[in-house]
Structure formats: C-alpha cells, structure tokens
Amino acid sequence: MESNLITEDKHKNKLEKAFEILKTMASKPSGLIGLTIVLFHVILALISPYIAPYDYKAISPNTMLLAPSAEHWFGTDSLGRDVFTRTILGGRTALTVTFFGSLIALLWGGLLGIFCGLVGGKIDDVVMRVVDAFLSIPWILAMLLIVSLLGTSTEVLIPALGFFYGKGIVRVARAATHDVIAKDFIVSARARGHSNMSIIWNEIIPNVRDAILVEGAMRWSWMLLGFSSLSFLGFGVSPPTPDWGLMISNARGLMSFAYWSVIAPIVGLSSLIIGINLTADAFAKALGIDRSTKAPV
Amino acid sequence: MLLLILKRIGLGLITLFIVSLITFVGVEVLPGDACTTYLEREAYGAALDACIKRLGLDVPAYERYLDWASNVARGDFGYSLSGEMPINEVLGPRVKNSLVLASVSILIGIPLAIVLGIITALWRDKLPDIMISTITIFSMTIPEFISATLLILIVAIWLGWLPGIVIIPSDATFYELLSNIILPVVAISMIMTAHMARMVRSSVIQVMASDYVQMAILKGVPYWKMVFRHVLPNALLPAINVVALTIAWLLGGVVVTEVVFNYPGLGRLVIESISNRDLPVVQALAIILASIYVGINLIADLMTLMLNPRLKSLQIRK
C-alpha cells in the first residue's frame, strides 16, 4: 500500500513538473506564440483528413489555376487540385516524418553520446572521429545519395533523417555526460559496485535528459527544414502526396500569374518552423539551458 | 604552438580520410554499382561489360579504393560517367562560380553581421534590438528555398527590378557573373548574416557582463572607448569559431539556393550528378565539400590560436 502511494506521488510530481515547465514556457510572449503555433499545427494535422473539403489528388482540367474564391479558399494548382486541401494535409506529412525522425535521432544519438562519455579513452576517440567525419559531409549530399539509391518512401526518409540529425546529438549527450561523470554521486555509485548499465539508467540519464531533449527540439526544426528542402529538390516524398516542399517546387514555375499556390504552402511551412523554433527556445530557457552561443551543427 | 597547428592539420587529414572511406563504402554497400545505376534498364550484355571494364569494377573494392584515393590525393578525380570527360574539367568552372557566389556573400555578410550583432547587443531589449532580432530570427529559421522563392516573387516578378533566374553558361566570365548574382547573394547572405549576428550579439552580451568590463565602467572609461578597447576584441574572438561552423553548415543551403536561381555552381552540380546517377562525380563532390568544411574549421582554429595571446603564451610555456 505504502509503496503504491509513493509511486503515485512520484508520478504526480512528474506531471506537475511537466506542467510547471509548460507554464514557464508560456509566460513569455515568444514562448506562448511558439506553443500556440505548434499546437495549432498538431491539431490541424490530426483533424485535416476529416475537414479537408476536396480530394487531395483529384485532378480536373476545369479547375486549373483558379484564383482564391469561396469554393477554393486558396485557389487551385496547375493540375486543378484544391490548394487549401493540400496545404492542411501537407502538415501531416511534415509532422509525421520529422516527429519519428527526431525520435530516432534522440534515441541513437543520446545513447551513443552517453556511452562515449562514460567509456572514454580509445573507443571514445575513434567514435568521435567518425562522428566528426560524418558531420563534415554536407547533410544534403548524404541525404540525396541515400534517397537516390534507396528510393523516396517514408520508410527510407525517416531513418535516414533520424541518422543524419542524430550525429549532432551525440556530441551534446557526450559533453553533458562528461559534466556529470566527475560528480560525487557517480563515484559513489561505482564504489557501491553498480554496473555500467545501472549507472547509465539511474544516474546519468536523469541528469543529461534535459540537455538532450533541448537539442532534440532544436534538431526537430532543422530536420523539418532539411526534409522540406529535400522535397523541394524532388528527393523527398513522391507526388501526389501533399507536401509543402513539393507544392512550392511545383508551383514555383507558374508563380508569376498563380502566386496563391506558392504562398499557401510557404505560410504553412514557415509558420511551423518558426513555431517549433520559438518553442524549442522557450523549452531551453524553462530548463535553464543556454544554447545561444552554439553553432548550428 | 607549431606542434598544436600540426596536430590540428593532422586531425583534419584523418577526418578527410574517414570521409573518403565513408563515401566509398557508402556507394559500395548501397544496392547497385555505378554501372547498373547509371545504365539503368540497359544494364546488361555488352554495354554493362564495357562500362564495368572502363570503370575497373572487376577489380576488388579495396584495390579500387587505394587507386582512387591515391589519384584524388594527386588532384585527379577520374572520369565522369555521363559526360565522359575528366571530372576536373567538369568541376573547374563550377568551383569558380560557387567561389564567386560564396565570397561575395561572405564579404557582405561578415561585416554586416558584426555591425548588426554589436548594435543589437549594445541596445539590448531596446527598440533597435527588438526590430533587428525579429528580422534575423525570421530569416534564419525560414528555409533557404522559401526566402529565395519569395525574393524572386517580390523583387523579380512583382517589382520587376532584377532577373529572377540566372541564365548564364557555367563558363561565364567574372563580370557576366557579377551582374547576375545579386539575388542569390542576397538570399545566401541574408541567412548567413542572421546566424552570425546572433552569435556576435550573445558574445558581446557575455563580455559586457564580465568583471573587467564592469571594472572599466567603474574606472570611468568613456563608453565608446570601453566598447572598442575592452569589449569587441574579447567578444569577436570566440565568435570566429562559431562563424566558421556556420559558414560550413550553410554549404547545404548554398546547394538549394543555386538550384532555386538556376546558378551554375557546385550546388547545382550535386543535384545534377545525383539525378544522373553519376557516382564518380558524387564521390568527388563529397570529398571537395568535406575538404571545404574541414578547411574552414582549420582556418578558424588557427585564427583563434593566433589572435588569442593567452593560448599562445600557454603553448610557449609548455
């Protein structure tokens, strides 16, 4: 009975802590704006299939390049598809791919970083050299190579994005582990004879979690940028999937007389990226982590 | 000091070696070899055999790597598949064009970023800071292809001031280039300036809060003398490294910008060679871009070493 109470209390504390962080984030206007935008996009992504007024892939020669009107709020594109429908569905693609990609990046980057920080020595040196080498291949070249050889399905894109955006997290996780590892409680855990696994799980992860999560939030917005750039270049998801990068690239050639089909996805993508950035910044500040002097690597 | 420099150069070379291994192994491990991916449906019979012979794919992989690596070290990247001409000839004009684009952007971007960064730091949380910071945050978060597309839409299409798309051959002369690169330069330097201005800003703010600056204020050093004598030298030094990393990171953005403006540089070559599945060119580009990245970082490291008297004396004493 008693142990049950304690775990319940712990659980409540965690929820309360998360709520506290959210409250701190929303207390500044920039954080509030960011949270609102992200929330708006997430809700829109969840409900968009039910509220979309048209079929996103319905092609019709009668409705080509129509200007915005009561029937087509954002006009139509060069194939006669409704831009409003495609814009609100585009957020789904972007959010799904980058959310799962970030999750993969956080997992492998975080674990490898902690491992390197803990083990140190030769293994650490070698792994960090390899990570540095991966960092010095421009991400766009690596992504393009993978995608052009393995295809452009989301099953390829998500792990590939997760892999390339995780290598920066390795560095952050390693640095954070280095800071923790010299502390007394690790030394005493070692003295108590705890295994490496137990030290990682019980001592290190709770202490480096914040730094890794903040980095992951930042990576999320960069990954969205990378993913939409890939789509824009024609190496992202394949048509007719509604995707912002793809829509901008398709509509770009005709924007001298049909600017609406390029403006709608631009507003969608820019607002989501700005929203995630503001949220990540507020998140970092709420956790007391200063990342203003870091380079975007 | 000399030892430290040599060590940095050595580390850079090791990194390049690993990059060459990664790209080579990557191309090797991924399904299909250079010939089958390039020939696609015609990859059978005599055409395939000829291609394999020509590229030497019948030799074991490690021998090919050694061969390729030693050629690359001597500056010979071999032949491209699609053009069937030496990669060096393909690369030459492209490298020049990209260099023109990048150096003009950097020449405009760095001084502008320093000025903006100092202004925003000195007037922190006042009107100039709020205005400039909002603009910089916007321009650094929005993807390159969006800002470039918007630039074309507004400046070239709606206002009609400048041509929206660069239509010059890749071997255009320097002056032909200059008249065409205004919009691409604006697009690239906008993002670069924004990133660097943020770094300079936070660096200046940190130094302004330090003890020796407080001391200078208490001593009654005039404000501007304090800024130029005490704050700026100390604030700009740590920014150099970050600026280098930012420039290197923006290589990817340059690729996208070149595609948007149809600019005949290295970036568009990346896309072209990947679309054509011209793997030898892709490998060459990977090495070149990685060398640029490693090189920029090396220069930044060395500059920090040279400019920081504390590090110098530390090394001499050792």
Side-chain angles (χ1 to χ4, degrees), chain A residues 30 126 129-150 221-222 224-235 244-245 248-249 251-252 255-257 259 262-263 265-267 269-270 273-278 281 290-297, chain B residues 11 14-19 21-23 26-27 30-32 37 137-138 140-146 149-150 152-153 157-158 164 195 198-199 201-203 206 238 241-246 248-249 251-253 255-256 259-260 267 270-271 274-275 277 282 285-286 289-291 293-294 297:
Chain A
S30 62
V126 172
R129 272 291 110 204
V130 175
V131 169
D132 274 350
F134 267 112
L135 277 174
S136 57
I137 308 175
W139 59 270
I140 201 154
L141 188 67
M143 282 302 301
L144 287 174
L145 199 60
I146 290 187
V147 164
S148 66
L149 288 167
L150 293 180
S221 81
W222 292 336
L224 182 57
L225 204 153
F227 167 68
S228 50
S229 304
L230 272 185
S231 297
F232 176 80
L233 294 173
F235 292 89
W244 291 330
I248 296 171
S249 134
R252 203 165 58 91
M255 70 183 168
S256 49
F257 48 91
Y259 58 87
V262 91
I263 294 285
I266 281 183
V267 170
L269 183 53
S270 312
I273 289 189
I274 290 171
I276 294 178
N277 257 304
L278 291 175
D281 268 347
D290 176 31
R291 51 177 329 290
S292 56
T293 51
K294 291 225 181 87
V297 182
Chain B
L11 282 178
I14 293 177
T15 309
L16 277 186
F17 168 68
I18 300 176
V19 169
L21 265 186
I22 292 172
T23 43
V27 168
L30 294 172
T37 43
I137 289 175
F138 264 92
M140 68 194 248
T141 40
I142 293 175
E144 297 87 357
F145 68 90
I146 286 189
T149 307
L150 282 177
I152 295 180
L153 184 64
I157 294 177
W158 285 349
H195 273 286
R198 299 293 296 172
M199 311 292 171
R201 176 179 183 270
S202 56
S203 186
Q206 265 177 18
N241 249 313
V242 181
V243 165
L245 282 175
T246 310
W249 184 68
L251 285 176
V255 174
V256 180
V259 173
V260 176
V270 169
I271 304 294
I274 287 182
S275 306
R277 300 174 169 260
V282 174
L285 283 169
L289 293 178
S291 316
Y293 181 95
V294 171
N297 275 317

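Within every chain, numbering begins at 1; the chains are lettered A, B, ... in the order of the sequence lines, protein sequences first and strands thereafter.
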Requested in this report: Can you tell which part of B:L11 gets under 4.5 Å to a heavy atom of chain A, answering side chain, backbone, both or neither?
Outcome: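 Its backbone and side chain both get close to chain A.
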Query raised in the report: Does any heavy atom of chain A fall under 4.5 Å from the side chain of B:L153, the backbone, both, or neither of them?
Result: both
Could you check whether any side-chain heavy atom of [X] comes within less than 4.5 Å of a side-chain heavy atom of [Y], counting everything from C-beta outward?
X	Y	result
B:I146	A:F232	no
A:F235	B:I271	yes
B:I137	A:N277	no
A:S249	B:F145	no

Report summary line: Answer key: most heavy-atom pairs under 4.5 Å with chain B among A:P265, A:S228, A:S221 is A:S228
Query raised in the report: chain B: which of A:G245, A:S30, A:S229 shares the most heavy-atom pairs with it under 4.5 Å?
Result: A:S229
Report task. Could you have a look at B:V294, B:T149, B:V256 and say which one has the most heavy-atom pairs with chain A under 4.5 angstrom? Result -> B:T149
**Report entry** Approximate separation, where rounding is to 0.5 Å, of A:I266 CD1 and B:I142 CD1
**Finding:** 9.0 Å
Query raised in the report: Distance from B:T141 atom OG1 to A:I274 atom CD1, nearest 0.5 Å?
Result: 4.5 Å
Report task. Counting only heavy atoms closer than 4.5 Å, note whether A:I276 contacts chain B via side chain, backbone, both or neither. Result -> neither
Report task. Compare every heavy atom of B:V260 with every heavy atom of A:R252, then report the nearest pair and how far apart it is. Result -> NH1-O, 3.1 Å
